[in-house]
Every structure is written in C-alpha cells, then in structure tokens.
Amino acid sequence: MDRELYGREAVLDDGGLVARLCGLTRHGVARVAYEHGDDPPVTVFTGGRGTGKTALLKEVRNRYRGYTPLALLDCAHVEPPADHGPGWTPLTGALAELAVQFSPKVLGARPVRFPRLSLGLVAVAAIGWSREDDERARRDLQRLGPLLATVDPTRGAAANWVGKVLAKLAATFAETAAPLAGVLAEATVETVLEEVFGRMQRSAEGWYGGYRNAGGRGKAGLQQLANDFEQGGRRRQEAEAFLVGALTEDLRHAYTGLRRGTRIGRPLLLLDNAHEPLGRQLVEPILRARAAEGRRDRLVVLATSRVRDHEALRQATRLRLPETAHRAPCPRGESVGSGILAVELTPLSPAQTRGAFDRYDPAGRTPAELPRAVHRLTGGRPLGVALLGRAAGEAPARLKPELTPGRLLDLTVELREDAPPVPVAPALLAELLPVPRPGPYAVLAAAHDEESARVLAHARLPSESRDGDVALRVRDRLRAEDWAAGAPGSRHFVADPLLRALLLHRLRFEDGDHPRYAAWHAVHETLRRHYGPEPGPYRLHHDLALGHTEDAVTHLRTTFPEPDVLGWLGRLRFVASAPYPRERDATGPDPRRAVALGRVPAGGPEPPAGLDADGTELHLALRRLLHAVWLLTDPLALPDEEVADRLAHELRLLSGRHLSGSGSLWDAATHWPRDIRAWREPSLPPGREDGV
C-alpha cells in the first residue's frame, strides 16, 4: 500500500524524478522517456534527521520492487558477520548484499546474475585462509553461497562445492611452502568456476583481465586483485573500486547481449546515509568510471545525505525538491562530482501538515489551529509532523479539544502494533538526536552561546569534562548531525526550535520529580547567576523560565521612557522567548492567558510599593503585555485571538505614553499581531518584511 506522499510528489509521481530516471512509472505500469538519456546522474537527496530521506527511499523500493531490479542499503548499518575473515570489509559485505537484492526475477525479465562480482569476492575471501584453519575457509565460502546462487541457483545453494574447494585448497597448501593470497585465490576461483559456473558464465573471468598488471588475462587479474586487497591501504581501495565496477558490469550485462531489449526500465540502487564512508566507497567508483571512461552502466543511483555541505557534493548541481517535478537538469563538467544531482528535501507546507493531521484525526476533534501550531514547532519536518499527528489521533477523546503542541509531547503513541505505546517526546528526540546519553544535551539546551554553555557544563556536568570541553563536544556533535549549534546570530545554543523544545522537555520532566523540577531549576538558576546581578535581558529570560516575572515587568517599566524604543521592544521579545515552566498533563487554559487579559485571580502579585497611580497603571499594562507576548510566541502553545487583540490594544496605549518613540510602538501594535497570526516571530523593526 502506498504511503501518503506529503510533498514528495515531485519524486514519486508517475511523471516525477524517479520515473524519468528509471524509465518506468510506479508498479511498472508504463514506460517514461529517459530525461538524461543513457547517462543519468547520481541523485542525492539532502536534509537533516526527520526530513523523510529514509521514508522516501523505502517508498521508491515499495513502488518499484518486482518491476525492475533494485536494492536498498543503509550505509550506516552494515553489520559484520561473526568471526569473519580479512576478506570481509563493509564494502565487500555491502556488495554481496546488494547483488542478492538485485537478483530476484522481475516482471517480464529473467533474474540478474552476478558472475563477475562472485569471482572477485571469492578471490578476496581467500586471503585469510591457512592450512591450520580450514573452518574459516568453510565459513567464508558458505557466506558467499547466496551470492553464488545468483549465478546458478541449483549449484550455488548446494554445499558440495564447498567441500571440493577445500580439497583443492588442501592440495595447493601441500604444493606451496609459503602460500600467497594470489595463489589461494587462483585455486579457489578455478574450483568455483568448475563447480558453480556454467559454460556461459565462465567467460566472466575475462573481465578481470582489465585489472592492473593483468595484461588481459583474467586469472592473473584475480590474483593481483587478491594481492592488492591483502596489502591494504591505497591498493585495497583500488581493488574495492574494481569490485564495485564488477557489480555494475554484471547489471549492465543483464541489459545487453542475446536478450537485449527484453528489459524495460533501469535498475535502482538506493543508498541511505550515503554521507558515511561506505556510501562514498560505493558511489565514487561509479562516478569515476562514467567521467573518465565514459561507461554507461544503466544504473540509477538514488542516495541520501544528512550532510548538505558534504565535501563530495561540492561540484554537484543543486536543486530544491519542487524544482525537480518536471525537469531536473544536471549539466556535466570535467569534475567527477559534476555527475551528482543534489536535491534538497524541503519541509512540508502548512497545508500538507494539515493533511497529515486529517489523516490521523478524520473527525476533526482537535483544535483547528493545532496542525498549524505543530507546523510552527516542527518547521514542517516530516518525522515530527507524522509523530505528533499520530499522537493527536490516538489521544483520548476527553483530551482532544484542549490539545496543544506542548500537551502532545506529554502523550504516548503506538508506533508498532506488537509493542506498547511510547512517550512522544523521548521517542521523537531519540530519532532526531540518536546519542547514547542525551542528558548533557538537555542541560546545554538552556544556554545561549558557547560561553554560557561552558558555564553550565562546568557547574552542572563536571564529570563530563574529563574528556575535554563539553560545550565544544556537544556543539560539534550537533553540527555533525546538521543541527545549527552555536550558529552566529542565533539567540540559543541549540537553534532549532523543535530540537530545543524536546531537550528542554527532557530537562524538565525526565527526572519525574514533580513538583520540584530540581534539574530545571538548577540549570536556570546557574544561568541567572551567570548573567546577574543587574536585571539584563538574559537574566530576566531565565527569571521567566523559573516562573518569576515581576523583575522583568519592573525592568520594562523603568526602561520604558528611554529613547531607544526599538531596543526596548527587542528586549521585550527576547525576555518573553523564555521557555514556560509547564506542568505535565495540566488541564484548562494556560495561566498566562488570565494575566494577559487582566484577569489576575485574587492573591496575585501586587505592584511594587511607592508607585503613584500613573506608575501603577504602567506596571500593570506591561505585566499584561509581557504575558501576552510570552504566550503568543510560545511554540508549545496555541494562538489566542483575544490575547492578540489585547496585545495590540496595550501597545497602542503605550504609544500614547511615550514622548519620542510612539511611532515604533504604534507600528508594533499593527504588525506584531499580524506577524503572530501569520505564525512569524514579531518583527523588528515592526513590519520588516523578513519577519526578524
């Protein structure tokens, strides 16, 4: 069953990018004209965690499996077999796995066979065998059984050929005083050719005559390949690159020869996490053969990279996803990297986010603004949208009318039918930031820059400092995961709103120490002291995170008459961006709403003593204004029309009180509610088009 596309139609539609590259609509329904002729680019989908890269490749697999040869490999998770010999590397293991995936029969065509790759992997497997340990040789040969079965299912899957290879090796050992990798490789290859390969496949040996120093002799090339592999270093890299060529040559051969024209479409190689070293080992030989040798291997490579600016993509043609819907030009230059088309996966739109929520909550029992609020929190990141949408759909009926993004994080969600529900916030954090211990990241999420992160690390994470500067270590890991940590111009050490919200949720609720929230208080108190004792905006920001607002109101009142009104508005906006000290599973209206609307219950804080009537009125107005901005800009809250109207009212009244800056305050009264209703941060100066 097809998954929801959610904005990926440019890739998956019948006339989309994949169809134009491989020549087939989904499910092999019809042919599609090849956009790039016989020279398709390697297409790399780029985007951070949670942007839908893996889901996209899996959907391509689901739609085209059975209609054209394809294989899907996660380059970050190639597990080594137990007690493997030196002939196994992540690359050789990956090549064997890919060949097995490519080999099944597809509609209208015979299975793809891999004789060239089989011979090469058999040759390199022999380098670790010895006279004293024939069990290792037996295990290594048996692991190659599925690959050899692609050449001849009846012989490759049988076990008798293993015994014959071992017997030939025993004779070789008896004749050779100091066996070398090449000698063992030759003996192994000869026996496999005799026992597994039919007459038509034995000519595949000749392909290795093109290896260095082979002089056109296949067996000599295989011997040299094994020797180079054993040598390691650059020679091994050359041998591994030639093995990648063996895979593509076997695929190309399946589309030529006596049965040429019987296949439609092109084979699909799907590489997830191709920014990992293994991905580069697989892709670079293909690109080099195409650029330097003019090879036309017919293989369509679709890869993903979490690192947008990976060095291998420097010469790539770059497009955004929607731009590829009908055409995806990729002009070739002289560099190898010009054969790459890098496609940036764009976030989901608000309409697509609403579509996801409608799927999980078709009855529409959740608040109408909830999907748009989730879009603001997640930035349209598909993983966040899908998980929070599922949580909304599975929420108890009594909770649905009062759901907010913050309350969604408090829920549990059933990700698998055979497993119990899991908490939303930890599950989403584990997907977006897969680190062994997220605790240090949660602590530093409260920081604003490297300096304040270092202060927190010194005070709250002393045991972590034994391995070096914690702040820099966390910063580098976040950058490696494509999270903009410590980015210039950012007001927070963790710049992404979703990741920061998840880490702060962990900081507040992970210890389960309600109502003390000891970790939360300790972290924000540390930063408050760091920025004290003067009531500057950073200190007041952490006052709000601790639930203390009166010092901030007093500071806004005492600085209100100053001529720099834009600076005053900027401080108000920053102070009010503090994370709200929420209570888990709280019901009813947000407490900030009553204060913003002037409906403070009895027993609320009184204005400071000694103020005259005018000062008291200003103090109360600024208290309402601060709480209104705090609520309306909170990414974990829903918008509130009445509070937005009150925000405009308060700013207009303040414009009449200021002697020189009334224009900026009046503009803020006009534009800030408009920004908030457009789900933007209040702009400075008010009305600035880019919303900052």
Side-chain angles (χ1 to χ4, degrees), residues 448 489-492 497 524 527-528 531 534-581 590 592-593 595-598 600 605 607-608 615 617-635 637 639-640 643-688 691-692:
H448 301 281
S490 172
R491 294 174 301 171
H492 302 296
H524 287 287
L527 289 175
R528 183 179 181 277
Y531 290 114
E534 295 299 321
Y538 284 93
R539 173 176 171 164
L540 298 174
H541 176 100
H542 294 285
D543 271 347
L544 261 64
L546 291 166
H548 310 316
T549 61
E550 284 306 288
D551 282 354
V553 177
T554 299
H555 175 75
L556 291 171
R557 173 174 53 78
T558 58
T559 57
F560 177 73
E562 296 175 359
D564 183 12
V565 174
L566 285 179
W568 184 88
L569 287 170
R571 291 192 296 275
L572 166 64
R573 188 179 70 169
F574 174 72
V575 170
S577 70
Y580 181 61
D590 191 301
R592 290 170 291 183
R593 186 176 194 275
V595 181
L597 297 175
V600 182
E617 181 183 349
L618 178 61
H619 189 90
L620 294 176
L622 292 174
R623 180 191 289 167
R624 295 191 295 269
L625 177 64
L626 175 66
H627 282 79
V629 178
W630 196 13
L631 173 62
L632 293 172
T633 60
D634 186 349
D640 189 303
V643 174
D645 290 340
R646 188 59 180 258
L647 170 69
H649 175 73
E650 298 292 353
L651 286 168
R652 288 195 185 97
L653 291 181
L654 288 172
S655 73
R657 301 178 66 108
H658 203 282
L659 296 178
S660 60
S662 60
S664 295
L665 290 164
W666 184 268
D667 288 344
T670 302
H671 293 288
W672 278 19
R674 186 180 301 169
D675 291 334
I676 289 166
R677 290 186 175 104
W679 305 90
R680 296 190 300 262
E681 184 180 45
S683 51
L684 276 179
R688 181 169 170 172
V692 291

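We count residues from 1, following the sequence as given.
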Check: [X] side chain, [Y] main-chain N or O, donor-acceptor pair, under 3.5 Å:
X      : Y      : answer
Arg592 : Ala628 : no
His658 : Leu665 : no
His524 : Ala545 : no
Trp630 : Ser577 : no

Answer yes when [X] and [Y] have at least one side-chain N-carboxylate O distance shorter than 4.0 Å, and no when they do not.
X      : Y      : value
Glu562 : Arg557 : no
Arg677 : Asp645 : yes
Arg539 : Glu534 : no

Requested in this report: Would you please name every residue forming a side chain to side chain donor-acceptor pair (under 3.5 Å) with Asp564, sequence neighbours left out?
Outcome: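 With sequence neighbours excluded, Asp564 shows a side chain to side chain donor-acceptor pair (under 3.5 Å) to no residue whatsoever.
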**Report entry** Residues in side chain to side chain donor-acceptor pair (under 3.5 Å) contact with Arg624, at least two apart in sequence or another chain
**Finding:** Glu650
Query raised in the report: Which of these, His548, Arg528, His555, sits in a side-chain hydrogen bond (donor to acceptor under 3.5 Å, both in side chains) with Asp543?
Result: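 Only match with Asp543 under side-chain hydrogen bond (donor to acceptor under 3.5 Å, both in side chains): Arg528.
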Query raised in the report: Within a strict 4.5 Å, meaning less than it, do heavy atoms of the Asp551 and Pro535 side chains meet?
Result: no
**Report entry** Side-chain touch Leu618/Leu622, heavy atoms, less than 4.5 angstrom
**Finding:**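 Yes, side chains in contact.
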Query raised in the report: Do you know which of Leu632, Leu684, Thr633 makes side-chain contact (heavy atoms from CB on, under 4.5 Å) with Trp672?
Result: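 Considering Leu632, Leu684, Thr633, a side-chain contact (heavy atoms from CB on, under 4.5 Å) with Trp672 is found only for Leu684.
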Query raised in the report: Do the ring centers of His542 and His448 come within less than 6.0 Å of each other?
Result: yes
